Engineer: 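Provided herewith is a single structure, encoded as structure tokens, for subsequent inquiry.
Because the structure is a prediction, the values reported are computed rather than measured. Order of the sequence lines sets the chain letters (A, B, ...), proteins ahead of strands, with each chain counted from 1.
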Number of protein chains: 2
Amino acid sequence: MENQMPTCPVETTLLLISNRWKVLIIRELLTGTKRFGELKKSIGHISQKVLTSNLRDMEANGLVKRDVFAEVPPHVEYSLTELGMSLKPILDAMYVWGENFKNKQ
Amino acid sequence: MENQMPTCPVETTLLLISNRWKVLIIRELLTGTKRFGELKKSIGHISQKVLTSNLRDMEANGLVKRDVFAEVPPHVEYSLTELGMSLKPILDAMYVWGENFKNKQ
DNA sequence: CTGTATCCTTTGGGATACTG
DNA sequence: CAGTATCCCAAAGGATACAG
């Protein structure tokens, strides 16, 4: 889908966050800025490679900001841009629905 | 992700609708009951196999109802269950966000 | 600590042919 | 019309090793 023109706004949104990890990354960053290692730990079972590549995508799409501190050892902080934060209503709706679903199981 | 226990409601929701097609299928069914062929045509570029398998998943998860009419030629109607319809707020949020995103491009 | 590189496996999806 | 069956491909993801 990455190379296709979205035909509607829903598809536009899907293009940017519909994979296994991006929504979870956004959820973590909604609680505030996090270092790479913190992010990896808080998400849990994500691999380094996958976390990096998703962060790169999201940075390219303007959802995430990456700040590199010129230190040794390296120190990198990730945070949501305004655009990234504007995804919160979607996450909230997903949270509400997921909770309701679990109660019906 | 299909075999993993979701650790939070957001992940529960992701489990059920985070792929390339399910959200689009739901969007179509939110406008009302549709036959298999109508659904395929309105989504556009989806293959028969993929549409079928996604519908089967969604039926198993209680999002979609499948009604088979004993006719020749076959006649099958798909509609959202109440649970499926309850996803509407998520779709709405995705629509709003996608529109906003496009305006900023 | 925060990556990149490489290789491999799994999954989703596409194309085509065929069927009740 | 609404599928199923088969084969194939591409993309996502996992594991591991290595680097600045």
Engineer: What nucleic acid atoms does A:P74 come within less than 4.0 Å of, heavy atoms only: base, sugar-phosphate, or nothing?
Structural biologist: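 Counting heavy atoms under 4.0 Å across all strands, the contact made by A:P74 includes a base.
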Engineer: Check every strand shown and say whether A:Q48 touches a base, only sugar-phosphate, or nothing at a heavy-atom separation below 4.0 Å.
Structural biologist: base
Engineer: Under 4.0 Å, heavy atoms only, any strand: does B:Y78 hit a base, just the sugar-phosphate, or nothing?
Structural biologist: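 Result for B:Y78 = sugar-phosphate.
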Engineer: Holding to side-chain contact (heavy atoms from CB on, under 4.5 Å), I want the full list of residues that pass it with A:T52, two or more places apart in sequence or in another chain.
Structural biologist: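 side-chain contact (heavy atoms from CB on, under 4.5 Å) list for A:T52, sorted by chain: A:F36, A:R56.
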Engineer: Mind calculating the distance between CD (A:E59) and C1' (C:dG3) to the nearest angstrom?
Structural biologist: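 Those two atoms, CD and C1', are 13 Å apart.
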Engineer: Which of the following nucleotides, D:dC1, D:dG13, D:dT4, is nearest to the side chain of B:P73?
Structural biologist: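 The nucleotide sitting nearest to the side chain is D:dC1.
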Engineer: Rounded to the nearest Å, what distance is computed from the NZ atom of residue A:K49 to the P atom of nucleotide C:dC8?
Structural biologist: 13 Å
Engineer: Counting any heavy atom closer than 4.0 Å, what does A:D57 reach on the DNA or RNA strands: base, sugar-phosphate only, or nothing?
Structural biologist: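 Counting heavy atoms under 4.0 Å across all strands, no contact is made by A:D57.
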Engineer: Rounded to the Å, how far apart are B:E77 CD and D:dG3 C1'?
Structural biologist: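 Computing the B:E77:CD to D:dG3:C1' distance gives 16 Å.
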Engineer: Indicate, with yes or no, if A:V96 and B:I26 share a hydrophobic cluster defined by side-chain heavy-atom contacts under 4.5 Å among Ile, Leu, Val, Met, Phe, Trp and Tyr.
Structural biologist: no
Engineer: For the NZ atom on B:K41, are there more than 12 heavy atoms of other groups (residues, nucleotides or ligands in this structure) within a distance under 6.0 Å?
Structural biologist: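 Count not over threshold, so no.
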Engineer: Can you confirm whether more than 12 heavy atoms, excluding those of A:E71, are under 6.0 Å from its CD atom?
Structural biologist: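 Atom CD in A:E71 is packed in, count exceeds 12.
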Engineer: Nearest whole Å is fine: how far is D:dA12 P from A:L15 CG?
Structural biologist: 11 Å
Engineer: At their closest point, which heavy atom of B:M85 faces which heavy atom of B:L80, and how far apart are they?
Structural biologist: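 Heavy atoms of B:M85 and B:L80 come nearest at CE-O, 3.6 Å.
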Engineer: So which of residues 26-36 of chain B are in contact with DNA chain D, with a heavy-atom cut-off of under 4.0 Å?
Structural biologist: B:R35, B:F36
